[in-house]
Every structure is written in structure tokens, then in C-alpha cells.
Amino acid sequence: MTNKYYIKTFGCQMNEYDSEKIGSVLDKKSHLTETSAPEDADLIILNTCSIREKAEVKVFSDLGRFRELKEKKPGLRIAVGGCVASQEGENIIKRAPYVDLVFGPQSLHRVSELLDKREVSGKPQIDITFPEIEKFDHLPIINKNRVSASISIMEGCSKYCSFCVVPFTRGEEISRPLEGILNEIVRLTFNGVSEIILLGQNVNAYRGVMDNGDIADFSLLLEYVAEIKEIKRIRFTTNHPNEMTDSLIDCFRSIDKLAKTIHLPIQSGSDRILSAMKRNYTALEYKSIIRKIRKVCPEISLTSDFIIGFPNETDKEFESTIKIMKDLEFDYSFSFLYSPRPGTPASYLQDNIPNKIKQQRLEELQKLNVSQGKKYTELMKGTNQRVLFDHYSKKNKGVLLGKTDNNRIVEASSDSGLLNKFVNVKVAKTDTKNLQVESLIS
Ligand code: SAH
Ligand code: F3S
């Protein structure tokens, strides 16, 4: 049987987290070790993303490459996990019959069993079921030494935005029980973790059952996580504007450990488009949420997602998007060209904005976005910032790198003794790619 696996991850932080978990299952149950060279591997796994068409196309081109490896080494096993697996299921085997395993994001804990079944039966194995939250009960803990770790607190999404595949590929929203999350975080701290990133499609929709049978909401979860002494900074992503409760907003005031940043996807500044996207808020409602957040935490760094070229988006509607970006002064944002996804309600609308116009709009938005981000960076000169230094620069020997609350990269000298430490620094220079430290405050 096999003894080395190679895994390639596409897409979001949730997939990164899932890939680590797939690795830990293969290590514990199948006694495989990871390799970074696909040609050395006996098992190749693609943990895939289907959020936009481009990501999906890449998977099939990679598969073609790995097929050649398999022709040279027939014992090689190829597995497709993640959202493309979930969406395409059997079709993957039809299109690429040399694939041995297909498993979805909710059945990744069964990867070793599937591998065994493949050996016994000699046939490809498919498991893309959504067995509730079972996966978390069956996942080994990862014993890696590091300071910053992600943890998934919920799975799936029940918002069904008209353009989005996530509810279909990852299933409906389901939260992990509170104690399970806290236990995992505490165990991570034993290995040196002091920054935790809570992950979910809409973390602010978290409703986790507690040992006493009550339901904890996201703000309560944050309070509990903040109680863990070894945890020094908490981040979370992503949020949906409709679940920004007052108690969650207040956490930015009451929980010092919370990084002062929030990612709150808006998608568009036009009410007609927002309604066609089924986002269930208006531009004005979104603005009023931001006003509330900024009242509680004026220095918050606000980041967002935008979709450009949704069906029938007019010039005027696009201008509303530009306007809201200007008005709200986002720190930085991610903007995507609309990509029709099979099976979503929006895919029945004609994708009728010409590519050239989509591109022009994207460029205009991104230009504004970059200039706004730069402005915030410049404002950081001379300020005090909390930084976690967690890795050495690969390019520049002698340079240690860390991140501020608002995800700016900060440089320090590698002999500063600051590795894996949270420190308050004064920012000297902001005109280079990374911020430079002037002095250590504490
Ligand atoms: N749960 C998050 C986002 C998950 S997907 C939310 O609240 O919106 C990450 C981002 O991908 C989305 O915010 C959206 O901007 C983008 N996206 C999703 N589907 C897309 C599609 N069909 N075409 C283009 N971009 C898309
Ligand atoms: Fe997708 Fe909307 Fe959920 S963008 S992940 S359906 S909130």
C-alpha cells in the first residue's frame, strides 16, 4: 500500500483547514506521511474549490497532469476532495476514470476507509454525503508547533445567495458544539498556539449547543475563547451583514484580544442588484451596520467582497458600487468577476455583461480599492501596533515577519528575539512593501 501523500489545496481558508485535517486522518489511520513532490507520492489529493469557474477548470487540468504520473506508476492513487467533488460526484469519474476517490468537505474524515475500500474492491469510491456534523467527532488533533492556527466553528451556509454554490457543495449551516471548539483550542495552545482564527461561511450565524443544552451565539463563543489565557489574539471570518447583532458589535469594545478588523462582504452598492443576489439587505442597511461598528470601534479595519458584472448590472448600478466603496472607505477588499455556477438561481439569468465591460469595471474598482488601502497604511506611520511575529522571510535573510491586527506585514530583525511573540511596536516607515519597526513599546 501507499506511504506518502501529496495534497494540493484550492480556494478558501476553510479548505486550508480541511486539508490539514485530511492530512491528520491519513497520518493517524493510514500511516501516510506528507510529501511536497507529487512525483514521490503514492496518493495525490486535490482539495478543490468551485466558487468560480476558473477554480474548477484548474482542477481538471491538474488531473490531466497527474494521469501521466499514474501511467508511469499504476499503484498511484488519485483523490478529489472539496467542493468540486461535492458538486460533480460521479461525473468526475466519468470525465477522469483514473480518479480513485471522490469525497466531499463533510465526509473527509472517512478518507482512510475509502482508500481501504478502493484497494479491496478495485473500484473507485465516492462519498459526498453530508453526515451532519459527524466529521468533527472523528478528526484527530494536529500536533504541529505553531503560534497561529485556524479552527472551523461551523460548516455550510443556509443563505442561498442567488449566485453562490456553497449551500449546495457544503450543505446547510451547522454549528459545532461549543465545548468541542473550546477543547480543540485549548489543545492547540498546548502546542504553542496564541492566535486563533475562527472559520465559517458565516461565523456570526453561529448557534452551538452547550453542555447544559443551551445554545451559545457567536458573541458568547468569543467571550469563552477570550477566557483562554494562552490565546492572545482572536480573528474570525467570514460574516454576513444580516447577523451583525449588537452584542457581537459590542465585543469589539469589550474583548481586547479581538483583532480590530472585520470582513463583511457587501457584493454590490445597488439595491436592485443586492435584491437579485438575494442578499436581504439594502445599501443603506449595510451602511448603518458599519456606522454602528465604527461607533463602538472607530479604528476598525473594514474589508469586503464585491462581485462585478452580475447579470444586467448597468453602468449606473456599477457606479453605486463605486460610490459605496468611496463612502465607506473600506480598508481593502476582494473583487471578483461574476461567474455563473451550475444549479444556482442566478445561472438561469443570462450572463450578459460583455467581458470587456466587466474587466473595465473590475479595474476601476480595484484601483480605488488599492488607493484606499494605501491611505490606511500611510496613516499607520508613527502609531503603536500589536504584532505577532511568526515567521522568517524566505527572501531576505535576517528578516523576521509578523502581522498587525489589520493584516499589514511588519519587519523586524531576525536577531530581535521576537519570534512567536506578541509585541507592541511603533511603526517607523510605511512607504516600503512591509512596515518597518521604529521601537518596541512593550
Ligand atoms: N460567506 C461569505 C462568502 C463566501 S464566498 C459571504 O457572506 O458572502 C467568497 C466570495 O466569493 C463571496 O463573498 C463572493 O464575493 C464571491 N463569489 C461567490 N460566488 C461567486 C460567483 N458565482 N461569482 C463570482 N464571485 C463569487
Ligand atoms: Fe455564499 Fe451567500 Fe452563503 S455568498 S457562502 S450563499 S452567504
Single hit among Ile126, Asp127, Leu115 for side chain to side chain contact (heavy atoms under 4.5 Å, CB included) with Leu101: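 Single pass found, and it is Leu115.
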
Residue among Ser86, Cys164, Pro105 satisfying side chain to side chain contact (heavy atoms under 4.5 Å, CB included) with Thr169: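 Going through the options one by one, the only one that passes is Ser86.
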
Distance-only donor-acceptor check, side chains Ser158 and Glu172, under 3.5 Å: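 Yes, because at least one side-chain N or O of Ser158 sits under 3.5 Å from a partner of the opposite role on Glu172.
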
Donor on one side chain, acceptor on other, Asn47 and Ser19, under 3.5 Å: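 Ser19 and Asn47 do have a side-chain donor-acceptor pair below 3.5 Å.
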
Which heavy atom of [X] sits nearest to which heavy atom of [Y], and what is that distance?
{"X": "Tyr17", "Y": "Glu184", "result": "OH-OE2, 3.1 Å"}
{"X": "Thr48", "Y": "Ala85", "result": "OG1-N, 3.7 Å"}
{"X": "Glu179", "Y": "Asp211", "result": "OE1-N, 3.0 Å"}
{"X": "Asp405", "Y": "Leu258", "result": "OD2-O, 4.1 Å"}
{"X": "Ser333", "Y": "Phe306", "result": "OG-CE1, 3.5 Å"}
{"X": "Lys159", "Y": "Ala205", "result": "NZ-CB, 4.1 Å"}

Would you indicate whether the side-chain heavy atoms of [Y] and [X] approach each other to under 4.5 Å?
{"X": "Tyr286", "Y": "Ser304", "result": "yes"}
{"X": "Val147", "Y": "Phe389", "result": "no"}
{"X": "Leu400", "Y": "Ser393", "result": "no"}
{"X": "Phe310", "Y": "Ser162", "result": "yes"}
{"X": "Tyr160", "Y": "Pro345", "result": "no"}
{"X": "Leu32", "Y": "Leu43", "result": "yes"}

Aromatic ring pairing His263/Phe334, orientation class (parallel under 30°, perpendicular over 60°, tilted between):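 Answer is perpendicular, since the angle exceeds 60°.
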
Row check, Phe163 ring normal vs Arg341 NZ/CZ: under 6.0 Å, within 45°: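 Not flagged: Arg341 not positioned over aromatic ring of Phe163.
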
Arg52 to Phe336, cation-pi by 6.0 Å centre distance and 45° axis angle: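 Yes, Arg52 and Phe336 form such a contact.
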
Spacing of Ile45 atom CD1 and Phe66 atom CZ [to the nearest 0.5 Å]: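 The CZ atom of Phe66 is 11.0 Å from CD1 of Ile45, to the nearest 0.5 Å.
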
Distance in Å, Leu69 CG paired with Glu71 CD, rounded so as to fall on 0.5 Å steps: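 Result: 9.5 Å between the selected atoms.
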
Electrostatic pair [X]:[Y] at N-O distance under 4.0 angstrom:
{"X": "Arg386", "Y": "Asp256", "result": "no"}
{"X": "Arg146", "Y": "Glu20", "result": "yes"}
{"X": "Glu34", "Y": "Lys4", "result": "no"}
{"X": "Arg65", "Y": "Asp62", "result": "yes"}
{"X": "Glu68", "Y": "Lys72", "result": "no"}
{"X": "Lys421", "Y": "Asp390", "result": "no"}
{"X": "Glu313", "Y": "Arg361", "result": "yes"}

Ser175 side-chain N/O to Arg207 backbone N/O, donor-acceptor pair under 3.5 Å: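 Answer holds: yes.
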
